[in-house]
Amino acid sequence: MDTIDKITAEIEAFKVNAAADLDNFRLKFLSKKSELQTLLSEIKNVPAEQRKAFGQQVNLLKQKAQAFFDEQKQRIEDAAPATGSLTDPTRPATAVKLGSRHPISIMMDEVCEIFERIGFTTVAGPDIEDDWHIFTALNFPEEHPARDMQDTFFIDQKPDIALRTHTSTLQVRTMEKHQPPIRVICPGRVFRNEAITSRAHCIFHQMEGLYIDENVSFADMKQTLMYFAKQMFGENTRIRLRPSYFPFTEPSAEMDVSCNICGGEGCALCKHTGWVEILGCGMVDPNVLENCGIDSKKYSGFAFGLGIERMTMLKYKTNDIRLYFENDARFLQQFTAAKL
Ligand code: PHE
């Protein structure tokens, strides 16, 4: 019993300042060779009438030593500087990975913003359309090649329904619903049955513009498009209009902007001409106005259809349209900064 008292006092007096002290404590009080262990193995030699009381005391002492050890060990560990990656409060936080907007979406927003500044409203319409909105209302003759299966994706068993080949469908939808003055811009996805190359794809994006009012002239169209080109590509940008043909506009033109990649010197994107075509345009044909319920004697206007991929390639100086559809995150993430 004296030894028990002595060990109890020793435990109570024991100072643990560092991990090494803990080791000493374990050797002295908890190891096989410790005095306490000797006491434990002596329980069986104690005379029967004292054995129970003695045994209880020794076991209590053993619990006390173990509890003291556990408590001190915890204290030392808590006080030690953290080394694990999760518990080091001085480490910089892990960056949260933000998604990025697709360059085509960024470009469409930018075009809409530019036109909204001069009073245009953005509207949208369906990707799957009927023959009336894609062709007939837009003055396409019955035998026009664009109606051919080779250019247009028709819906099986429904010859009247197809994926829209251009956003000019929105001209018809807008004029059917609203009387002039009309000023709308219509971004959307379009589909054409074309071989996929670095310059062409079977899915791409267009932005239709429509301006109808009294006394709208070709000069108004030219000014509007010049304003747009300078806002989008910079003050030094030049435009050029070339005569063209569309069934729904008369007269019609195609507009080129000076090549932003080579600065007019000549490169692959501009096919060494210094100019890149970005849109088709023209004065809305009176037949189209009448098809959509608008008085062609009173009103006139212009329309244009911009190719979004072409403009994005020009603006961000990329040379392969397929990059926009492959969804390689390494490509797409580069465009975040431009908008944020
Ligand atoms: N819809 C024509 C195209 O897809 C572009 C265009 C739109 C031309 C409006 C004139 C007016 O090529």
Side-chain angles (χ1 to χ4, degrees), residues 104 108 111-112 115 120 122-127 129-141 144-148 150-153 162-176 182-194 199-213 216-218 220-226 228-229 239-257 276-289 291-292 294 296 299-311 321:
I104 297 296
M108 292 208 287
V111 178
C112 289
F115 280 103
F120 283 75
T122 302
V123 298
D127 290 2
E129 272 286 11
D130 54 16
D131 177 90
W132 169 257
H133 289 95
I134 307 176
F135 300 123
T136 305
L138 288 164
N139 207 31
F140 277 81
H144 193 284
R147 292 179 176 237
D148 200 307
Q150 303 215 310
D151 292 314
T152 308
F153 290 114
L163 301 182
R164 66 179 171 200
T165 54
H166 55 181
T167 46
S168 298
T169 53
L170 270 319
Q171 287 188 39
V172 181
R173 287 190 172 273
T174 306
M175 290 190 281
E176 282 174 338
I182 291 173
R183 258 174 286 168
V184 290
I185 188 94
C186 327
R189 193 179 286 149
V190 299
F191 309 84
R192 285 187 201 172
N193 197 353
E194 282 193 48
R199 288 168 56 90
H201 210 287
C202 60
I203 305 175
F204 55 101
H205 297 78
Q206 283 188 338
M207 185 84 84
E208 194 81 4
L210 179 68
Y211 191 135
I212 310 282
D213 206 342
V216 180
S217 70
F218 197 91
D220 295 326
M221 178 176 86
K222 217 166 130 182
Q223 282 303 321
T224 305
L225 295 176
M226 179 138 94
F228 166 71
I239 63 167
R240 119 181 144 174
L241 290 170
R242 284 178 290 104
S244 185
Y245 172 78
F246 299 102
F248 37 95
T249 48
E250 182 61 35
S252 305
E254 274 163 336
M255 188 177 100
D256 301 339
V257 295
V276 184
E277 182 199 321
I278 61 162
L279 61 85
C281 60
M283 303 307 289
V284 179
D285 192 299
N287 288 343
V288 176
L289 295 176
N291 284 343
C292 302
I294 288 181
S296 63
Y299 296 110
S300 60
F302 62 83
F304 53 89
L306 278 156
I308 296 293
E309 276 76 6
R310 183 63 66 79
M311 294 219 312
I321 196 172

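Values below: all heavy atoms of this structure, side chains included; hydrogens, waters and symmetry mates excluded. The residues of the chain are indexed from 1 along the displayed sequence. Counting convention: from 1, in listed order, for ligands and their atoms alike. None of these values were measured; they are calculated from a predicted model.
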Salt bridge present between Glu129 and Arg173 (N-O < 4.0 angstrom): yes
So how far is it from Leu163 CG to Asp127 CG, rounded to the nearest 0.5 Å? 7.5 Å
Take a 6.0 Å sphere around CZ of Arg189 and say whether it holds more than 12 heavy atoms from other residues, nucleotides or ligands. no
Note every protein N or O atom lying under 3.5 Å from an N or O atom of ligand 1, pairing the names and giving the distance.
unit_1, atom_1, unit_2, atom_2, d
ligand 1, 1 (N), His166, ND1, 3.1
ligand 1, 1 (N), Ser168, OG, 2.9
ligand 1, 4 (O), Arg192, NH2, 2.9
ligand 1, 4 (O), Gln206, NE2, 2.9

Output for pair (Met108 CE, Leu306 CG), nearest 0.5 Å, gives 11.5 Å
Test of ring centre spacing under 6.0 Å for Phe120 and Phe228: no
Between Phe246 and His166, does the ring centroid distance fall short of 6.0 Å? no
